[in-house]
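Computed from heavy atoms alone, side chains included, the values below leave out hydrogens, waters and symmetry copies.
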Amino acid sequence: VQLQASGGGLVQAGGSLRLSCATSGFRLSYYAIVWFRQAPGKEREGVSCISSSGTGTYYESSAKGRFTISRDNAKSTVYLQMNSLKPEDTAVYYCAADYQGWGTYVCDLKVKGNAYWGQGTLVTVSS
């Protein structure tokens, strides 16, 4: 099982980045994917999730209206499009896969203890 987050980098405030979470070793269509982030000195927080069916999404309040999560099960990849980035978005971003079963329409920003995790990708937003 692997989750590989990529797409991070340095961007100016107001800019955009698209993060990718490439998965392998499990059937993505049975899993919700949750994006988390952890800023220096802060606790990890959930940013966005997408249900196993792809029709249910949820965003943390500061991400709503700026971030868009999507999934392409054929490519075993989940994306997080981040627009209008702010310095406070600076963090290491992680993706996690949480088993839901096929066709689930809701998700939340929590994962169970047996979730699969990827390594992080660093996003730095300069002011």
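Residues Tyr30 and Val1 are members of one and the same hydrophobic cluster, defined by side-chain heavy-atom contacts under 4.5 angstrom among Ile, Leu, Val, Met, Phe, Trp and Tyr. No single ILVMFWY cluster, assembled from side-chain heavy atoms under 4.5 Å apart, contains both Tyr116 and Tyr94. Placement of Val11 and Val92 in two distinct hydrophobic clusters is found when ILVMFWY residues are connected by side-chain heavy-atom separations under 4.5 Å, directly or transitively. Taken together through direct or relayed side-chain contacts under 4.5 Å among Ile, Leu, Val, Met, Phe, Trp and Tyr, Leu109 and Phe36 form part of one hydrophobic cluster. Placement of Tyr79 and Ile69 in two distinct hydrophobic clusters is found when ILVMFWY residues are connected by side-chain heavy-atom separations under 4.5 Å, directly or transitively.
No more than 12 heavy atoms of other residues, nucleotides or ligands sit less than 6.0 Å from atom NZ of Lys42. Remark: Gln2 CD is loosely packed, at most 12 non-hydrogen atoms of other residues, nucleotides or ligands lying under 6.0 Å away.
In plain terms, the two heavy atoms of Ala13 and Pro87 that are nearest each other are CB-CD, 4.1 Å. Closest approach of Ser84 and Ser16 over heavy atoms only: N-OG, 4.3 Å.
Put simply, OG on Ser53 and OH on Tyr105 are 5.5 Å apart, with the number rounded to the nearest 0.5 Å. Between the CG atom in Leu28 and the OG1 atom in Thr23 there is a gap of 4.0 Å [rounded to 0.5 Å]. Atom CG of Leu10 sits about 9.0 Å away from atom CG of Leu122, to the nearest 0.5 Å. The OG atom of Ser76 sits 10.5 Å away from the CG atom of Leu3 when rounded to the nearest 0.5 Å. Once rounded to the nearest 0.5 Å, the distance linking SG of Cys49 with CD1 of Ile33 reads 10.5 Å.
Judged by distance alone, the side chains of Asn73 and Ser29 never bring a donor and an acceptor atom under 3.5 Å apart. Between the side chains of Gln100 and Asp98, not a single donor N or O lies within less than 3.5 Å of an accepting N or O.
At least one side-chain heavy atom of Thr77 sits under 4.5 Å from a side-chain heavy atom of Ser20. The shortest side-chain heavy-atom distance between Trp117 and Val111 falls under the 4.5 Å cut-off. At least one side-chain heavy atom of Val123 sits under 4.5 Å from a side-chain heavy atom of Leu17. Under the 4.5 Å side-chain criterion, counting only non-hydrogen atoms from C-beta, Tyr59 is not in contact with Val47. Using a 4.5 Å heavy-atom cutoff, the side chains of Arg44 and Arg37 are not in contact. With a 4.5 Å cut-off on side-chain heavy atoms, Phe67 and Leu85 count as touching.
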Give the intermediate values and the outcome of side chain to side chain contact (heavy atoms under 4.5 Å, CB included) for residues Arg66 and Met82. CA-CA 6 Å; Arg66 299 188 299 127; Met82 305 188 297; over 6 Å; no
Check the pair Phe26 / Tyr31 against ring-ring contact (aromatic ring centres under 6.0 Å, His included), numbers first and verdict last. CA-CA 9 Å; Phe26 63 99; Tyr31 287 76; 4.8 Å; yes
Test side chain to side chain contact (heavy atoms under 4.5 Å, CB included) applied to Thr104 and Ser52, step by step: CA-CA 5 Å; Thr104 303; Ser52 63; 3.4 Å; yes
Can Leu80 and Ser48 be said to form a side chain to side chain contact (heavy atoms under 4.5 Å, CB included), step by step? CA-CA 8 Å; Leu80 185 68; Ser48 180; 4.0 Å; yes
Do Trp35 and Cys21 pass the side chain to side chain contact (heavy atoms under 4.5 Å, CB included) test, and can you show the C-alpha distance, the side-chain angles, and the key distance before you say yes or no? CA-CA 9 Å; Trp35 282 98; Cys21 177; 3.6 Å; yes
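A donor-acceptor pair under 3.5 Å is absent between the side-chain atoms of Arg18 and the main chain of Gly8, judged by distance alone. Panel note: side chain Lys86, backbone Gly14; no donor-acceptor pair is recorded below 3.5 Å.
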